[in-house]
Amino acid sequence: MNSQDITQLENALHFDNTYTRELPADPENTNEIRQVTNACYSRVQPVKAGAPKLVAYSREMAEEVGLSSELCESGEFVQVFSGNNVLSGMDPYATCYGGHQFGRWAGQLGDGRVINLGEIVNKEGRRWVLQLKGAGPTPYSRMGDGFAVLRSSIREFLCSEAMYHLGIPTTRALSLITTGDQVIRDMFYDGNPQLEPGAIVCRTAPSFTRFGNFEILAWRGELDLLCRFTDYTIRTDFPHLGEPSKEVYCAWFDEICKTTAEMIVHWQRTGFVHGVMNTDNMSILGLTIDYGPYGWLEDYDPDWTPNTTDAQGRRYRFDNQHEISKWNLIQLANAIHPLIGEVKPLEESIQTYVHHLRDTWQRMMADKLGLVGFNKESDHTLITDMQVLLQHVETDMTIFFRRLAALDVHSHAAHSPSVHDLIEHFSDAYYVSEQLNDEYKVRLDTWIEQYRVRVNNDRTPDDLRREKMNKVNPKYVFRNYIAQLAIDKAEQGDNSMVNELLEVLRNPYDEQPGKDELSQRRPEWARHRAGSAMLS
Ligand code: AMP
Ligand code: MG
């Protein structure tokens with residue numbers, strides 16, 4: 001090949017497409033909505049974008065895949081990551097998966113608005129799948145058009161990068177590009193569709209395989225393919241487990257149970273509510289995947305869900321996420337059972353999930369409170385009482401923990417702050433000051449004393465406790481109303497807030513001078529504002 005024909009991006013990205021090379025393709029090549037059986041994917045080309053423009057890119061992700069800032073800011077980059085220019089080495093495809101939605105088997109789902117470009121291997125040998133979300137229809141588009149709008153693309157792009165910097169396992173995002181085309185959406189599902197700007201996020205992950213990829217094969221009785229796909233997954237994504245065998249399948253499921261538990265505990269630590277934990281949205285790598293109607297707890301309300309279509313049953317509420325994960329893991333266990341032929345090892349792994357979740361949660365809560373370790377004698381009560389306290393009046397979870405870290409407690413009771421001072425100290429966290437009645441004040445005073453005694457048992461000095469707490473309790477999370485402010489601006493053509501947030505959310509645990517505003521509790525105007533309080 002003449003080197004002048006090779007673009008700079010082709011030089012930088014080293015493709016090695018195991019998925020399309022090793023797994024069976026849909027023999028049909030037409031891009032029509034259909035059931036795709038006996039195949040793991042369909043080849044499909046992205047739709048060309050009318051006038052693509054770069055909104056933002058993640059420099060950490062760019063570096064990880066081997067792209068310089070200069071390349072990311074080039075015209076060629078926009079052409080490639082809007083789907084307009086398919087590089088040699090890419091082999092675009094959409095994968096086939098199914099899933100349980102809201103507790104019911106939904107049959108084939110698949111990449112309906114995602115087109116994978118291929119897999120690259122970086123300089124360090126790490127594998128990344130690059131995929132475009134919103135690049136047009138695929139055989140799996142069902143009732144959809146395969147496109148994505150700017151507001152949901154901003155939410156996915158910024159949140160996945162924010163999660164990464166919070167230390168939460170997640171899929172990543174390389175770029176956010178507006179297509180220059182309009183997309184029709186009925187935002188409130190009320191029969192008033194509107195034109196909205198279209199956008200494409202280039203998402204990345206070592207693998208996007210979901211529980212639903214295994215479920216669809218099991219439900220269709222395609223057991224040979226189930227075995228082949230599982231072996232492929234183990235060899236590609238879990239090479240440390242060794243060559244596939246019955247024992248390795250069991251070890252593999254056990255690992256999925258553990259990583260899923262760890263992901264959930266991270267969500268509990270930071271107040272993240274996924275919103276649609278269907279089995280097609282559960283990653284086998286334990287990554288947070290598919291950022292749709294997610295949200296962050298504002299006032300600590302364990303029953304809260306950001307998903308308006310789930311407002312009745314609240315299946316995916318904050319405090320139910322660990323139960324739902326377990327339910328989802330059981331669906332995966334059912335799907336892979338034919339490979340193992342025994343129920344017992346799978347049941348044992350589900351027990352592992354329960355125990356690992358409990359142990360990880362206890363350690364996490366001890367860290368959040370700045371304790372040396374979780375004391376089984378005292379800390380259940382300490383935490384339960386705190387949860388009651390936080391719900392007694394609307395209290396911002398994120399701000400509460402930062403203020404708790406800032407409180408001096410390593411002193412004698414005689415020098416403890418008065419209730420008045422305590423209320424003042426936590427004032428930034430309270431949503432409705434009228435709720436701060438005498439009963440609450442007594443509770444607060446009592447709990448802080450309980451906490452003071454507990455911390456003093458550890459003999460941890462305040463400054464050390466503060467330092468430790470501020471490493472696990474973020475100052476900045478991607479607050480729902482802040483996302484909406486950035487979206488409002490971007491829809492007017494001003495991308496500055498998207499880029500400002502990308503920058504601030506890189507260091508979520510640090511104090512950032514001049515950026516306090518982005519850490520503040522939701523203002524009253526946003527309480528019922530669509531997009532910040534209600535999403536679906
Ligand atoms: P989600 O709720 O995002 O996990 O999506 C569930 C299923 O619907 C997946 O198979 C998606 O690919 C598909 N889907 C969602 N939105 C669209 C869209 N705009 N066009 C085509 N398919 C979609
Ligand atoms: Mg999904």
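Order of listing sets the numbers, starting from 1, for every ligand and every atom in it.
Distances between N or O atoms of Arg113 and those of ligand 1 include at least one value under 3.5 Å. Here's the thing with Arg185: one of its N/O atoms is less than 3.5 angstrom from an N/O atom of ligand 1. In terms of N/O distances under 3.5 Å, ligand 1 is approached by Gly112.
Remark: the backbone N or O of Asp290 is paired with a side-chain donor or acceptor of His274 at under 3.5 angstrom. Remark: side-chain polar atoms of Arg34 are paired, donor with acceptor, to backbone N or O of Glu32 under 3.5 angstrom.
Atoms of ligand 1 found under 4.0 Å from any heavy atom of Asp280 (numbered from 1 in listed order, with element): 4 (O), 6 (C).
When the heavy atoms of Ser152, Gly136, Gly146 are ranked by distance to atom 18 (C) of ligand 1, first place goes to Gly146.
For the pair Gly292 and ligand 1, no heavy-atom separation below 4.0 Å is found. Contact analysis puts Asp145 in contact with ligand 1, with a non-hydrogen atom separation below 4.0 angstrom.
Contacts with ligand 1 closer than 4.0 Å are made by heavy atoms of both the backbone and the side chain of Leu109. When heavy-atom distances to ligand 1 are checked against a 4.0 Å cut-off, Met143 has no atom that comes that close, whether in backbone or side chain. At a heavy-atom distance under 4.0 Å, only backbone atoms of Phe147 (N, CA, C or O) approach ligand 1.
Val273 is not listed as a side-chain neighbour of Tyr294, based on a closest heavy-atom distance of 4.5 Å or more.
For the side chain to side chain donor-acceptor pair (under 3.5 Å) criterion with Asn116, the lone passing option out of Thr138, Thr95, Asp111 is Asp111.
Geometry note: the Mg ion (ligand 2) is the vertex, Asn281 OD1 and Asp290 OD2 are the arms, and the angle is 80° (rounded to 10 degrees).
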